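The structure appears right after this line, and notes come after that.
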Amino acid sequence: MNCTNCGKKITKGDAYCPHCGKAVGAAKTAVQSGTGSSMAGLVELARTGDQNAVSALYEQTYSQTYYTVKSMIKDEDAVFDILQDSYIKAFSHLDQFSGDQFTAWIRRIASNTAKDWLRKQRPMLFSELEMSDDSDIPAEERFEDDRTENLPDQVIDQAETKRLIREIIEELPEDQRAAIGMFYYEEMSVRDIAKAMGATENAVKSRLMYGRKKIEKKVLELESKGTKLHGLAPIPFLRVLFKNLLTRCSEMPDPGILAGALEALTGAAGAGAAAAVGSAVGTAAGAAAAGGFSAVKITIIAVVAALAVGGGAFGINKLREAAAERRASASVPEYSAVSVVESSELPEYSEAFEISEVFEESEIPEESEESEESVLIEESEVLEESEQSEESTLPVDGDRIVLSGTINTYSYEEVLELQGQPDPNGVNNSKGWIYRIIILDTPQPLQGRQDINTVERMVSMIIVYEKAPSGLEFIFTPNIPTELDGQHIVFSIGDVSWSSGTDIPMGAARIKDIRILE
Amino acid sequence: MELIKKLIRAAIESFPIDLDQKERLLKRLLEKTGKRGENKS
């Protein structure tokens with residue numbers, strides 16, 4: 001027999017056409033009749049055990065549900081298991097569904113089930129920390145191209161383009177793939193993805209950046225091999241796209257950002273410091289009015305000076321947003337030593353220039369209100385999250401502090417993106433530098449070495465190496481192989497010293513003695 | 001943002017659906033839901 005919708009051949013007894021997915025026969029009648037004419041009607045029928053209605057709901061939602069799970073998980077067996085669990089869960093709890101958004105409901109259940117699966121694959125190592133208010137705007141959104149009017153739909157619709165991107169997505173490691181899928185397909189926030197994956201927001205941003213870079217790298221590889229696609233040329237288009245993404249973050253710093261920081265400082269520094277802050281702000285504002293990078297620099301110094309006077313807590317929480325893995329696409333520095341300066345030999349700057357003096361540990365963000373329909377699933381998530389938190393542990397290395405994070409090499413522009421702050425020295429001073437950094441999974445309070453500076457700071461990054469365009473190098477930690485770039489590492493640390501407040505990445509620690517454990 | 005989102009969305013929605021798997025899952029679902037229903041097939 002043939003499908004009454006698309007005309008293609010189907011097996012007798014099929015409730016739905018395997019080609020077009022539309023209902024046929026009795027199922028079609030059920031869909032078209034009475035209460036069965038809407039999703040809500042089908043749900044009502046399904047609640048009574050009407051199998052045609054169950055089939056209809058299944059057929060009408062399967063594709064979107066499948067893509068929801070597939071966007072997050074590569075393994076087809078796992079996808080199948082998750083879909084099965086999700087549908088059985090949904091149809092076993094139809095009494096909990098109200099409204100007519102059945103597709104959204106089943107997708108939500110599938111998404112949550114997929115997140116459960118992902119969490120089990122990689123147990124949470126650390127508790128989640130709240131980000132600053134600015135983090136509500138994911139870093140990805142701040143830097144990406146939003147010129148939708150330039151979007152050539154024909155290119156995206158082209159089968160070759162879809163195939164290209166699909167294959168690249170398939171090649172991504174599971175965690176990056178999940179982050180990409182949840183962010184771009186499920187449109188989840190970085191915070192929600194972090195919660196779902198039992199990871200920090202920094203780690204999620206790192207995975208997003210890595211995934212994006214991987215796509216860019218593959219596109220460039222294909223181009224270098226002379227791959228030519230038919231019709232419109234998606235590869236040049238993709239090159240432009242990703243080039244735009246990477247260069248957006250190197251735009252000139254806006255003094256308005258700093259003015260905002262000063263306002264925040266005024267509130268945080270306390271009454272005793274208010275006058276000094278006000279003075280500093282006034283100076284900075286005047287300088288800013290003159291424009292240019294010198295104004296930016298003066299503004300930063302004003303902030304720092306006010307901090308020193310007020311002693312207030314001013315956390316540059318933007319540092320916590322730092323994360324990026326660029327193993328594949330990064331140009332690993334060649335360690336042709338021109339000049340090596342060890343951490344103990346670096347000049348220490350006045351306290352007045354220390355920007356990241358004290359970080360206030362944020363509270364764990366409150367759960368956002370969830371819809372009634374999702375309560376069942378969310379409860380199981382919370383339970384598993386707490387269980388995993390108790391299970392997780394790091395190895396012990398004597399009395400040394402053990403940390404974990406991801407090491408990678410970054411350009412100057414990427415470091416500015418990571419720290420979320422302009423360069424206090426002005427862009428012209430450090431442009432072209434590259435930096436090798438460990439982004440910690442969780443910001444960690446560390447104390448400076450006894451003979452230099454014992455101040456304790458909350459550290460998000462450890463800088464191990466930097467190199468100027470001239471070839472001048474600073475190797476702060478000499479024993480970390482370049483092959484580790486892009487890898488998640490567990491390590492123990494020796495004495496800590498601090499970068500100056502004007503060095504970038506701002507607030508990063510320098511640790512000469514790092515012992516890789518895993 | 002919109003550009004890469006559209007690209008990735010289009011790519012993900014081009015993943016081929018395994019119809020055998022889909023059919024298998026429906027059968028299991030009907031087995032499960034059929035136990036409590038009154039309109040078993």
Side-chain angles (χ1 to χ4, degrees), chain A residues 15-16 18-19 45-46 48-55 58-59 62-64 66-67 70-71 76 79-80 83-84 87-88 91-92 140-141 143-148 150-151 153 155-157 159 161-170 180-181 183-185 187 212 215 238 241-242 244-245, chain B:
Chain A
Y16 290 85
H19 307 289
L45 287 171
T48 68
D50 185 318
Q51 295 211 330
N52 282 331
V54 172
S55 297
Y58 175 82
E59 292 289 346
Y62 183 84
S63 296
Q64 289 190 57
Y66 172 80
Y67 294 134
K70 188 66 181 170
S71 71
E76 268 298 322
V79 170
F80 179 78
L83 286 170
Q84 178 173 281
Y87 272 103
I88 290 173
F91 281 99
S92 301
E140 297 298 306
E141 291 181 3
F143 301 126
E144 289 194 358
D145 197 334
D146 56 0
R147 297 172 304 163
T148 53
N150 293 337
L151 177 63
D153 282 331
V155 173
I156 289 176
D157 289 341
T161 307
K162 291 177 186 174
R163 180 190 61 78
L164 174 70
I165 302 295
R166 190 175 67 229
E167 288 178 1
I168 293 170
I169 291 172
E170 280 291 83
I180 288 277
F183 186 80
Y184 291 110
Y185 191 77
E187 299 187 13
R212 216 173 53 192
I215 294 172
L238 290 172
L241 166 64
F242 288 106
N244 285 343
L245 297 183
Chain B
M1 180 67 178
E2 288 301 318
L3 287 169
I4 194 167
K5 191 195 298 179
K6 284 190 178 183
L7 267 175
I8 290 174
R9 176 170 289 276
I12 285 173
E13 292 184 350
S14 72
F15 275 111
I17 291 178
D18 183 335
L19 294 177
D20 287 340
Q21 175 179 288
K22 181 182 171 187
E23 185 65 25
R24 215 162 6 115
L25 205 157
L26 177 60
K27 282 179 181 171
R28 289 192 193 179
L29 179 64
L30 292 175
E31 285 171 13
K32 292 277 184 184
T33 56
K35 289 176 185 173
R36 63 189 179 86
E38 58 188 23
N39 186 20
K40 298 173 186 173
S41 59

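What you see is a predicted model; the values in this text were computed from it and never measured.
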Interchain contact, [X] with chain B, by part (heavy-atom threshold 4.5 Å):
| X | answer |
| --- | --- |
| A/Tyr58 | side chain |
| A/Glu187 | side chain |
| A/Tyr185 | both |
| A/Glu167 | neither |
| A/Ile169 | side chain |

Single hit among B/Ile17, B/Asp18, B/Leu25 for side-chain contact (heavy atoms from CB on, under 4.5 Å) with A/Tyr66:
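Between A/Tyr66 and the candidates, side-chain contact (heavy atoms from CB on, under 4.5 Å) is satisfied uniquely by B/Ile17.
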For A/Gln51 and B/Leu30, work out which heavy atoms get closest and say how close.
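A/Gln51 and B/Leu30 have their closest heavy atoms at NE2-O, 2.9 Å.
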Return the minimal non-hydrogen interatomic distance between B/Arg28 and A/Phe80, and the atom names on each side.
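Smallest heavy-atom distance, with atoms named: NH1-CE2, 3.7 Å.
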Could you go through the side-chain contact (heavy atoms from CB on, under 4.5 Å) check for B/Leu29 and A/Gln84 one step at a time?
CA-CA 7 Å; B/Leu29 179 64; A/Gln84 178 173 281; over 6 Å; no
To the nearest 0.5 Å, what is the distance between CD (B/Gln21) and CG (A/Leu83)?
7.0 Å
Distance, nearest 0.5 Å, that separates NZ of B/Lys22 from OG of A/Ser63:
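Rounded to the nearest 0.5 Å, the NZ-OG separation comes out at 5.5 Å.
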Test your reading of the model: is there a side-chain donor-acceptor pair from A/Tyr67 to the backbone of B/Glu13, 3.5 Å cut-off?
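Checking the backbone N and O of B/Glu13 against the side chain of A/Tyr67, a donor-acceptor pair under 3.5 Å is found.
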Results of salt bridge (charged side-chain N to carboxylate O under 4.0 Å, His left out) for A/Arg166 - residues two or more places apart only:
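Salt bridge (charged side-chain N to carboxylate O under 4.0 Å, His left out) check on A/Arg166 returns nothing, list empty.
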Less than 4.5 Å apart, side chain to side chain, heavy atoms only: is that true for B/Leu26 and A/Glu59?
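A side-chain contact under 4.5 Å exists here.
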